[in-house]
Amino acid sequence: MIEKQHIINRFVSYVTVDTESDPESNTTPSTNKQWDLAKELTKELKAIGMTNVQIDDNAYVMATLPSNVDHDVPVIGFVSHFDTSPDFTGANVKPQIIEDYDGKDIVLNKEEDIVLSPDYFEDLLQYKGQTLITTDGNTLLGADDKAGITEIMSAMEYLLQHPEIKHGTIKVCFTPDEEIGRGAHKFDINEFGAEWAYTMDGSQIGELEYENFNAAGAKIKVKGKIVHPGYAKGKMVNSMYIAQDFINSLPRLETPEHTEGRQGFFHLTQINGKVEETNLNYIIRDHDKTHFEARKQMMLDLVEEINSQHDKEVIEIEIKDQYFNMREKVEPVMHIVDIAEEAMKEIGIKPLIKPIRGGTDGSQLSFMGLPCPNIFAGGHNFHGRYEYVPVESMIKATEVIVKIAELTAKKYV
C-alpha cells in the first residue's frame, strides 16, 4: 500500500533539518531554524496537491484535503509538531538505516562505544526482521515528531492518488514548539475548522491515548550571600546548600525513573548554581487533578518552610500550569476514539489504549475546543541518542490515518 523507500526518504529529509526548540525564548517559533522545515513542508503540501495551504506568522502550517463524497461528513484533522526537544542536540542528525534487524546489539558509534542494545531496550525485539532507523549516537533522531509529519504527509498524498477511497474534508496542521509546551498556544482553532482531530505523536505501534498528564513548570530561585571564605563564619550564606535542602525534601521516589502508569512525579530538569544564587527548574506531572494540585502545594509549602528557617526570604518559586489531562474533554465524544480503534483493528493492529506519560498538542487543543486523541507515530527512546523508529511502524501509522478517513466517511452516510 505505502511504498517503503518513499517513507524512508521523506522521513530522512525531515530529520536532517535542525528544528530544536528553546524554552528560554519568548518568540513563536522559539528558534528561527524551525522556519526552515515549516517552509519546506508548505511547499511539499502544495506539491502533493493539498488545497488552502498556508503558513502563518508563527510558523503554523495548515492545509486541506477536500471531501470526495456528496454527503455531509464531519471535518476531521491530523496534527504533528516539527520541533525537536532541547533535551539533546538535534543538529547534524545522521540517520542510520538498519535493514532486516537481527535482534542483536546495534553499534551506533564504534569510536565512542555507544550501543543500542535489546538487553537494555527490550522493545527492540518486537521489531526483529524489520527496518530500523537509528541515530549515529551523537544526536537525537527526531522521530518525535517528524515520524508523525511523515505519516500525515504520506497519508494525504496516498488519498490524493487514490480517489476511489472515499473521505470527507480533512485538515492537517504542523506546529512549532510542542516540546517546550507551547505547540498549541497560537493554534487557530477556527481557521483549522475541524470537529475533532488526532495527533500523530505516540510511540510504539498500536498506542491510542486520550489521557495525559496534568503539567506545570516550576522555577525556583535561591538567594545566598558571598563573602571571602576565610572570613565567612556567620556571614556567608551558600545558596547551593539551601537548594540541596529543597531538592532532598521532595519525595525521592516520586521522580521519573521511579514511576510508571498513572503515577506522577517531580522532575528536576536543570540546576545552575553559585554561592550567591542557585536556580532550579522543575516539571510537575500527575494524571489525577487532585494529586497534581497537591504536588504544587507541596512545593509552595516547602518554600515557606525553608524561608521560615532564615532571617529573610532566601527562596522564591514561580509555578505555571502548562496543560491538563484531556480525558475530561474526550470522554464525552468517545466515538472519535472508537473510530481510531476500529481503524487499527481493520488493518491488523492490536490497539494499546493507555495514558500518556507526557503531553501532546492534543491535550491543549482538547481544552481549546478541538477534542484530540493521540495515535502512535512509531518511535522509541525519544529525546536522546538511543532514539529509533521502525519503518514498518510508520507505514502502519500512515495506513491508520487513511483508514480513519475512510471509516469516518462510511459512518456518516
Might you work through the side-chain hydrogen bond (donor to acceptor under 3.5 Å, both in side chains) test for N272 and Q270, ending with a clear yes or no?
CA-CA 7 Å; N272 183 17; Q270 189 174 29; over 6 Å; no
Go through the steps to decide whether M394 and I133 satisfy the test side chain to side chain contact (heavy atoms under 4.5 Å, CB included), and finish with yes or no.
CA-CA 11 Å; M394 287 196 287; I133 304 179; 4.2 Å; yes
Verdict with supporting geometry, K171 and V75, side chain to side chain contact (heavy atoms under 4.5 Å, CB included):
CA-CA 7 Å; K171 302 284 187 169; V75 177; 3.7 Å; yes
Report the C-alpha separation of E399 and Y158 in whole Å, then their side-chain angles, then the decisive distance to 0.1 Å, and conclude whether the side chain to side chain contact (heavy atoms under 4.5 Å, CB included) test is met.
CA-CA 9 Å; E399 293 175 358; Y158 189 85; over 6 Å; no
Walk me through whether E209 and R327 qualify under salt bridge (Lys or Arg N to Asp or Glu O under 4.0 Å).
CA-CA 9 Å; E209 302 154 326; R327 178 175 178 169; over 6 Å; no
Applying side-chain hydrogen bond (donor to acceptor under 3.5 Å, both in side chains) to S80 and D145, what does each step give before you reach the verdict?
CA-CA 6 Å; S80 287; D145 188 25; 3.1 Å; yes
Pair F376-L352, side chain to side chain contact (heavy atoms under 4.5 Å, CB included): steps then yes or no:
CA-CA 9 Å; F376 72 93; L352 302 174; over 6 Å; no
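The aromatic rings of Y412 and W196 lie tilted to each other, with the angle between the two planes from 30° to 60°.
A distance-only check finds a donor-acceptor pair linking the side chain of D288 to the backbone of T290 [under 3.5 Å]. Between the side chain of N307 and the main chain of V314, a donor-acceptor pair closer than 3.5 Å is present. For R357 (side chain) and G261 (main-chain N/O), a donor-acceptor pair under 3.5 Å exists by modelled atom type. Checking side-chain atoms of S393 against main-chain N and O of I205 turns up no donor-acceptor pair under 3.5 Å. A donor-acceptor contact shorter than 3.5 Å links the side chain of S239 to the backbone of T278. Between the E178 side chain and the D83 main chain, no donor and acceptor come within less than 3.5 Å of each other. Although no hydrogens or angles enter the test, the distance criterion places no donor-acceptor pair under 3.5 Å between the side chain of K94 and the main chain of N138. Between the side chain of Q263 and the backbone N or O of E260 there is at least one donor-acceptor pair closer than 3.5 Å. H228 places a side-chain N or O within 3.5 Å of a backbone atom of G230 that can act as its donor or acceptor partner. For T51 (side chain) and T64 (main-chain N/O), a donor-acceptor pair under 3.5 Å exists by modelled atom type.
Residue-environment remark: CD (E304) stays at or below the threshold of 12 foreign heavy atoms within 6.0 Å. Crowding of F121 atom CZ: a count of heavy atoms from other residues, nucleotides or ligands under 6.0 Å exceeding 12. Taking a 6.0 Å sphere around NE2 of H291, one finds it holds 12 or fewer heavy atoms contributed by other residues, nucleotides or ligands. Within 6.0 Å of CG on D57 lie no more than 12 heavy atoms contributed by other residues, nucleotides or ligands. Counting non-hydrogen atoms of neighbouring residues, nucleotides and ligands closer than 6.0 angstrom, the CG atom of D123 exceeds 12 such neighbours. Counting heavy atoms of neighbouring residues, nucleotides and ligands inside a 6.0 Å radius, atom NZ of K235 exceeds 12 of them. The environment of CD in Q309 is crowded: more than 12 heavy-atom neighbours from other residues, nucleotides or ligands sit within 6.0 Å. Within 6.0 Å of CG on D119 lie more than 12 heavy atoms contributed by other residues, nucleotides or ligands.
No cation-pi contact links R385 to F88, judged by a cut-off of 6.0 Å to the six-membered ring centre and 45° from its axis. A cation-pi contact, defined as under 6.0 Å to the ring centre and within 45° of the axis, links K289 to F324.
At least one side-chain heavy atom of T42 sits under 4.5 Å from a side-chain heavy atom of K46. You'll find the side chain of M344 stays beyond 4.5 Å of the side chain of K350, heavy atoms only. Proximity of E406 to E346: side-chain heavy atoms (C-beta onward) are nowhere separated by under 4.5 Å. When side chains are defined from C-beta on, H380 counts as touching Y388, because their heavy atoms get closer than 4.5 Å. Considering only heavy atoms from C-beta on, I226 stays 4.5 Å or farther from K274 through its side chain. Two residues are said to be in side-chain contact when any heavy atoms from C-beta on lie closer than 4.5 Å; M326 and I356 meet this criterion. L37 has its side chain within reach of Y14: a pair of non-hydrogen atoms, C-beta onward, lies under 4.5 Å apart. Contact annotation: the side chain of M240 approaches that of V275 to within less than 4.5 Å [non-hydrogen atoms, C-beta and beyond].
A salt bridge links E40 with K43: the distance from a Lys NZ or Arg NE/NH1/NH2 to an Asp or Glu carboxylate oxygen falls below 4.0 Å. Salt bridge status for K296 with D321: present, with a side-chain N to carboxylate O gap under 4.0 Å.
In terms of heavy atoms, G129 sits closest to D100 at CA-OD1, 3.3 Å. Scanning all heavy atoms of the two residues, the minimum distance from I375 to L208 falls at CG1-CD1, 4.0 Å. For the pair I317 and M299, the tightest heavy-atom approach, listed with the atom from each and the gap, is CD1-CB, 3.8 Å. Between K320 and E318, the closest heavy-atom pair is CE-OE2, 3.0 Å.
In this model, a donor atom of one side chain and an acceptor atom of the other lie less than 3.5 Å apart for S117 and D105. Side chains of S25 and S30: a donor-acceptor N/O pair is absent below 3.5 angstrom, by distance only. Looking only at atom types and distance, the side chain of T199 has no donor-acceptor partner in the side chain of D361 under 3.5 Å away.
Applying the side-chain hydrogen bond (donor to acceptor under 3.5 Å, both in side chains) test to pairs two or more places apart or on separate chains, those with a residue in residues 214-225 are K223-E316.
For F265 and F213, the distance between ring centers is under 6.0 angstrom.
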What pairs of donor and acceptor atoms, side-chain ones from residues 2-13 against any protein atom, are under 3.5 angstrom apart with sequence neighbours left out?
unit_1	atom_1	unit_2	atom_2	d
E3	OE1	H6	N	2.7
E3	OE2	Q5	N	3.1
K4	NZ	T131	OG1	2.6
K4	NZ	E392	OE2	3.4
Q5	NE2	N9	OD1	2.8
H6	NE2	E157	OE1	2.8
N9	ND2	Q5	O	3.4
R10	NE	E44	OE2	2.7
R10	NH1	S154	OG	2.9
R10	NH1	E157	OE1	3.1
R10	NH2	E44	OE2	2.9
R10	NH2	E157	OE1	3.3
S13	OG	R10	O	2.6

